[in-house]
Amino acid sequence: MCGIVGYAGGRKAAEIIYEGLLRLEYRGYDSAGIAVLKDGKISAVKRQGRVCALGGYIKDMDGKLGIGHTRWATHGSPSDINAHPHSAGKFTIVHNGIIENYSQLKAEYFDGEKFTSETDSEVVVRLLDKFYDGDITRALFKVASLLNGSYAVAAVCTDFDGVAVIKNKSPVIIGYGNDGNFIASDAPALAGFCGEISFLKDGDCALVTRGGVSIFDSAMQGVLRERVKNSATNASLDLNGCPHYMLKEIREVPASVVNTCNAYSSAEEKLKSVVSGCDRVIIVGCGTAYNSGLIAKRYIEKFARIPAEAEIAGEFRYNRPVVTPTTAVIAVSQSGETADTLEAAKLAYSLGAKVVAVTNAPYSQLTRCAHAVVPVVAGHEICVAATKSYTGQIAALYLIAHTLAGRDIGEATQKLFKISRLCESAIETEGIDSLAHMCARSVGTYFLGRDLDYAVAVEGSLKLREISYIAGGGYPAGELKHGTLALVDENVVAVVIITDKRLADKSMNAVEQVLARGGKVAVISNIAETEKELQGRAQLIKIPDCDENLSPLVSAVAVQLLAYKTAVLLNRDPDKPRNLAKSVTVE
Ligand code: AGP
């Protein structure tokens, strides 16, 4: 949520920062700004809108060090004034996070003074200016000691030939380049600029200059943070001929399944020892990650016969959860940064549960709140809507369920390899275009299913709502008649997922109930009998026949494509849906 970039080196800073911000836009895209320092003077530009709104100003911004920001508004509407950077005296800053006590700080230190913006961030730069005594590091630590909340604050000061940064909860990486050094919220910003990066810890402050990087821990002692290879490369940012990242990433679903399987062995032994003796499992996550938890619950109960429940992380953390040392809490998060999921994991840890992180971000904060980490290897996911990370999560959770069951994962892995090939053919599924037209014309599209198909229905609905802005929901097919059926008319579409032979007849009841009331129905299925029964009365999307436990991987591709195509028909930007951002680092 919000992306920051900083650079100090031998090249034109504004150009490098602009490029970095474009790559971080998935973190927020309602306004953007850049500040550069040259000859002791700071020049800044900030504009409401996407990063490209800054494009025309870059050529006039000279200076070899600076900072930039792409915003997802928390305090104050998206506007030129509220856009970052913010300045006071010798300082200019960009901020990612929320300062929870900003109004108290304003009242205590700046009573009666007029602030320029409505942001929480402005108080930080004013405090820096107030406490600055010639030592930037000391000023940053002093200000940080006053702040409650989450922050990655990058600052330039007219007295200092570099960029200073301090962080708590919000992520900051340091990049080591050939011609200068960097800071950024996430690795893709530095792809092609830095082969090596390191991750700051909470409380760390870093001074980044052209000549080097100095890092201080929260005790203000100099420290070294491990340098690792930057996994983001120019190739990971390439659209590979696709018009949008979402389509490119759906095409990478098969690879996410295979790569996640291949990485599982590195985590298996540790996982076994951590979950040994656990008699209950709670899977926590938000959005799509929670939806993969709905699938995991079913896998774990089915294979391991251990009671399992999926809980939304933001609910779990506030409902005084009952956990014991024999409870395993599996925290699922693509980014490993989601505030609610992190807090849920920390809470579970503090209550004595065994915490397992399932994440696509190997160095993320979530990995530091867990006893064991199971990697999802989906590669960098740029589109705000999660696609390949969801299927990677399902693959990882399927294997975890086998480990919990005490089974060898060899056979399960082979099944996943096989299904990855079916996912590949599902990308070519016919009929999705015409269903997308139907959904695009609807006033509401509802997804129905039973058991695993229900879990995918919930995800399919989220995906469609998120990027096409069509109202809807995902419901158990049996629940239809308990309320949702009232919504059905000729302007509403019901998408029913049927891949479970055992429950196909029951799910067909829902199809009949909608048809009987003049509603429009589409069925996503791989069951021959379903096709016969439909007799052309509803649109049928045929997906490949497969192992019924793994059908969510195949039907996920179908619902992701449906959402994508519907959004494109409606002229929505599927990569950057309105009001959203990818990494939700605030509550
Ligand atoms: C999915 O399409 C969404 N963008 C969103 O629900 C996302 O899955 C959620 O915010 C959780 O993110 P995380 O996996 O990074 O924790």
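Each residue takes its place number in the sequence, starting with 1. Order of appearance sets the numbers: ligands from 1, and atoms from 1 within every ligand. Keep in mind that what you see is a predicted model, and the values were worked out from it rather than measured. Excluded from the calculations below are hydrogen atoms, water molecules and symmetry mates; all remaining heavy atoms, backbone and side chain alike, are included.
Near G287, the atoms of ligand 1 lying under 4.0 angstrom from a non-hydrogen atom of the residue are 6 (O). Proximity to T288 (heavy-atom distance under 4.0 Å) selects the following atoms of ligand 1: 1 (C), 2 (O), 6 (O), 8 (O). For ligand 1, the atoms closer than 4.0 angstrom to any heavy atom of A289 are 8 (O), 14 (O). Of all atoms in ligand 1, numbered sequentially from 1 with element shown, those under 4.0 Å from a heavy atom of A386 are 1 (C), 2 (O). The distance from ligand 1 to the heavy atoms of S335 drops below 4.0 Å at these ligand atoms: 13 (P), 15 (O), 16 (O).
Below 3.5 Å of separation, one finds no N or O of K582 facing any N or O of ligand 1. Residue V584 has no N or O atom closer than 3.5 Å to an N or O atom of ligand 1. Below 3.5 Å of separation, one finds an N or O of K463 facing an N or O of ligand 1. Considering both main-chain and side-chain atoms, S333 comes within under 3.5 Å of ligand 1 through a nitrogen or oxygen pair. Between G336 and ligand 1, no pair of N/O atoms sits closer than 3.5 Å.
With T499 as the partner, the side-chain hydrogen bond (donor to acceptor under 3.5 Å, both in side chains) test is satisfied by one option alone out of N549, N526, D453: D453.
In this structure, NZ on K229 lies 8.0 Å from OG1 on T233, to the nearest 0.5 angstrom.
Summary of contacts: the protein heavy atom closest to atom 2 (O) of ligand 1 is E466 OE1, 2.6 Å. From the protein, the heavy atom lying nearest to atom 16 (O) of ligand 1 is T338 OG1, 2.4 Å. Of all protein heavy atoms, the one lying nearest to atom 14 (O) of ligand 1 is Q334 N, 2.6 Å.
Taking 4.5 Å as the limit, some side-chain heavy atom of I330 sits within range of a side-chain heavy atom of I300.
For C286, the closest heavy-atom approach to ligand 1 falls below 4.0 Å.
Relative to the ring axis of Y469, R578 places its NZ or CZ within 45° and under 6.0 Å from the centre.
Ring centroid separation for the pair H371 and Y349 comes in under the 6.0 Å cut-off. Between Y26 and Y245, the distance separating the two ring centers is not shorter than 6.0 angstrom. No close placement of the H95 and Y151 rings is indicated, their centers lying 6.0 Å or farther apart.
With a 4.0 Å heavy-atom cut-off, ligand 1 is reached by no atom of E337.
Residues meeting the side-chain hydrogen bond (donor to acceptor under 3.5 Å, both in side chains) test with Y318, sequence neighbours left out: E587.
Counted within 6.0 Å of NZ on K302, heavy atoms from surrounding residues, nucleotides or ligands total more than 12; the atom is thus considered enclosed.
Screening residues 439-467 for ring pair (Phe, Tyr, Trp, His ring centres under 6.0 Å), with sequence neighbours left out, gives no hits.
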